[in-house]
Amino acid sequence: MPTQTTMEIDLPKRGMPVTIITGFLGSGKTTLLNQILKNRQDLKVAVLVNEFGDINIDSQLLLSLDEDMMELSNGCICCTINDDLVNAVYRVLERDDRVDYLVIETTGVADPLPIILTFVGSDLRDFTRLDSILTVVDAETFTPEHFDSTAAMSQITYGDIIVLNKTDLAPSERVESLEQWIRETKAAARILKSQYGEVPLPLILDVEQFKPEGYVEHQLSPSSAHHHDHDHHPDHHHDHDHPHSDHLANDGFMSVSFQSDRAFSVKLFQEFLDDLPDTIFRAKGILWFKESQLKHIFQLSGKRYDIQTDEWTKAPTNQLVLIGRDLQEDHLRQRLAQCISAPSNSTPV
Ligand SMILES: Nc1nc2c(ncn2[C@@H]2O[C@H](COP(=O)(O)OP(=O)(O)OP(=O)(O)O)[C@@H](O)[C@H]2O)c(=O)[nH]1
């Protein structure tokens, strides 16, 4: 029996299980992550959120998570053996606190392959165990041609678990035919159906659905994953201010962010929504209206939008991210700036 206790060796935790949640814009990834956090019981879950856009909205919408259990990365994690991702995972591994599980939420336009290859092709392989790639699918809007998006197809191709979400919004025949198509496309995947990401955790966490063998071939020729132009671009330094608008890796999608510490007028914002360009596919934000003392959480996905209210826990601001293709950035910003209500002496109700 070892008696030497004076020397403590501080090794990173080994073999930490990792689940990667992927899925197209607005399919319900953050909602599912919230279900995991709500039902995790004693499991110490760390999350790594990779957001598309310059403002971290998702992280503000995550429930019951101690601040120190969250890592953020706004950088692009689409490149193979990506430093941003590797470093963020190491920060989790090196925590003093116990961490049992790591869940990574990718952006809706991320191809999961380079992320998988980062895990199987770097030192992370020795410290983590990829448990599954979980793909959330919006049962109402998903089609196999999904927005001409390579990422959306890749998310199905590499999904070990596919959660057909939003079944409340889709007729049952649609859900069935989609399930059939997924079965034909990805025979080995575990398919689950859900509303608001409600799936039993034992079916999605620590299920050992990821099979690294299939990726060895890619690993031997990492260049096969470098189908994004910017990987080879000498000027590209993963600049966090880079809006990613001309980014092939994002499948032609771009994001426009807007922030202001002045309140919107409800009426003017409603007019903005009524006249929203149909090139905007997704929007999310935390909104402050002159007419209300509550925080408004705004979500738009496809043609649907929804606004929920909550109490402010910090000083009110407006933070909004718009995501789509061919967006006229300046014009959108200008129109949002016009939603700011003119200063008045009236007190909020
Ligand atoms: N009706 C319905 N709405 C849902 C369901 N799941 C999620 N939503 C709503 O869909 C919107 C988008 O959900 P999110 O969880 O933010 O989607 P996401 O995949 O994280 O979005 P991005 O990270 O922007 O790609 C939110 O308004 C959710 O409340 C569901 O099963 N049914």
Side-chain angles (χ1 to χ4, degrees), residues 19-38 47-63 65 70 72-74 76-78 103-112 115 133-142 146-147 149 151-152 154-156 159 161-172 174-175 178 192-199 204 244 250-251 253-257 273 280-287 295-310 319-325 327:
T19 294
I20 296 174
I21 300 182
T22 181
F24 200 65
L25 294 167
S27 55
K29 296 176 290 297
T30 306
T31 308
L32 175 82
L33 185 48
N34 269 334
Q35 290 296 341
I36 294 176
L37 296 175
K38 213 160 70 185
V47 305
L48 198 165
V49 182
N50 184 228
E51 278 206 72
F52 187 47
D54 305 328
I55 320 175
N56 298 311
I57 303 284
D58 279 3
S59 52
Q60 299 182 59
L61 303 180
L62 285 177
L63 307 170
L65 192 71
M70 171 144 50
L72 295 171
S73 106
N74 280 66
C76 157
I77 59 169
C78 58
V103 180
I104 299 179
E105 179 188 347
T106 74
T107 75
V109 286
D111 179 340
I115 304 172
I133 312 303
L134 185 156
T135 304
V136 185
V137 172
D138 181 333
E140 185 193 22
T141 61
F142 187 90
H146 217 32
F147 319 106
S149 165
S154 201
Q155 291 166 355
I156 302 285
I161 301 176
I162 296 182
V163 176
L164 260 176
N165 188 41
K166 304 199 187 182
T167 55
D168 56 314
L169 298 177
S172 55
R174 186 172 212 291
V175 178
L178 201 51
L192 303 169
K193 290 178 209 155
S194 77
Q195 298 184 4
Y196 291 95
E198 284 185 33
V199 283
I204 58 168
H244 285 208
N250 290 321
D251 240 352
F253 284 88
M254 60 184 285
S255 69
V256 174
S257 310
L273 286 184
I280 294 181
F281 179 80
R282 175 86 172 105
K284 49 191 167 181
I286 293 169
L287 303 182
K295 168 165 93 176
H296 289 68
I297 298 155
F298 172 70
Q299 291 273 7
L300 176 142
S301 180
K303 298 202 181 330
R304 291 180 186 276
Y305 74 84
D306 156 282
I307 298 185
Q308 312 239 352
T309 54
D310 203 349
Q319 297 182 304
L320 183 65
V321 175
L322 307 172
I323 300 173
R325 280 179 164 143
L327 303 185

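Because the structure is predicted, anything quoted here is derived from the model rather than measured. Order of appearance sets the numbers: ligands from 1, and atoms from 1 within every ligand. Residue numbers count from 1 along this sequence.
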- request: Please determine if Gly26 has a nitrogen or oxygen closer than 3.5 Å to a nitrogen or oxygen of ligand 1.
  value: yes
statement: Residue, atom and distance of the protein heavy atom nearest atom 17 (O) of ligand 1 read Gly28 N, 3.2 Å
statement: atom 16 (O) of ligand 1: closest protein heavy atom, distance to 0.1 Å, is Arg282 NH2, 3.0 Å
field: Check: Gly26 main-chain N/O paired with Gln299 side-chain donor or acceptor under 3.5 Å
entry: no
task: Report the part of Gln299 (side chain from C-beta onward, or backbone N, CA, C, O) that has a heavy atom under 4.0 Å from ligand 1; answer both or neither where that applies.
output: side chain
message: Quiz question: by atom type and distance under 3.5 Å, do the side chains of Asn165 and Ser194 form a donor-acceptor pair?
response: yes
query: Hey, does Ile115 have a side-chain heavy atom less than 4.5 Å from the side chain of Asn50?
result: no
- request: Applying side-chain contact (heavy atoms from CB on, under 4.5 Å) between Lys295 and each of Ile286, Leu287, Thr309, report the one that passes.
  value: Ile286
message: Students should be able to answer this: which protein heavy-atom is nearest to atom 6 (N) of ligand 1, and at what distance?
response: Asn165 ND2, 3.0 Å
- line: The answer for which part of Ser301 has a heavy atom under 4.0 Å from ligand 1 is neither
query: Is the closest side-chain heavy-atom distance between Ile36 and Ile204 below 4.5 Å?
result: yes
- prompt: Taking the side chain from Asn34 and the backbone from Leu61, do they hold a donor-acceptor pair closer than 3.5 Å?
  reply: yes
- prompt: Is the shortest distance from a heavy atom of Glu105 to ligand 1 less than 4.0 Å?
  reply: yes
- prompt: Should the ring pair Phe24 and Phe253 be called parallel, tilted or perpendicular, given that the plane angle runs from 0 to 90° and is split at 30 and 60?
  reply: perpendicular
task: Identify the protein heavy atom lying closest to atom 23 (O) of ligand 1, giving its residue, its atom name and the separation to 0.1 Å.
output: Lys284 NZ, 3.2 Å
statement: atom 18 (P) of ligand 1 sits nearest the protein heavy atom Lys29 N, 3.4 Å
field: Donor-acceptor contact below 3.5 Å, side chain Arg282 vs main chain Leu322
entry: no
- request: For ligand 1, note which part of Thr30 has a heavy atom under 4.0 Å away: side chain, backbone, both or neither.
  value: both
- prompt: Which protein non-hydrogen atom lies closest to atom 29 (O) of ligand 1, naming both residue and atom, and how far is it?
  reply: Tyr196 CE2, 3.8 Å
- prompt: What residue and atom, counting heavy atoms only, is the protein's closest point to atom 28 (C) of ligand 1, and at what distance?
  reply: Thr31 OG1, 3.8 Å
message: Checking Lys29 now: which residues fulfil side chain to side chain donor-acceptor pair (under 3.5 Å) with it, not counting sequence neighbours?
response: none
- prompt: For Thr31, which residues count as a side chain to side chain donor-acceptor pair (under 3.5 Å) partner, sequence neighbours excluded?
  reply: none
field: Closest to atom 1 (N) of ligand 1 (judged by heavy-atom distance), picking from Asn34, Leu61, Asp168
entry: Asp168
- request: Any atoms of ligand 1 less than 4.0 Å from a non-hydrogen atom of Leu169? List them with their elements.
  value: 1 (N), 2 (C)
query: What residue and heavy atom of the protein are closest to atom 10 (O) of ligand 1, and at what distance?
result: Lys166 NZ, 3.2 Å
query: Would you say Gln195 and ligand 1 have an N/O pair spaced under 3.5 Å apart?
result: no
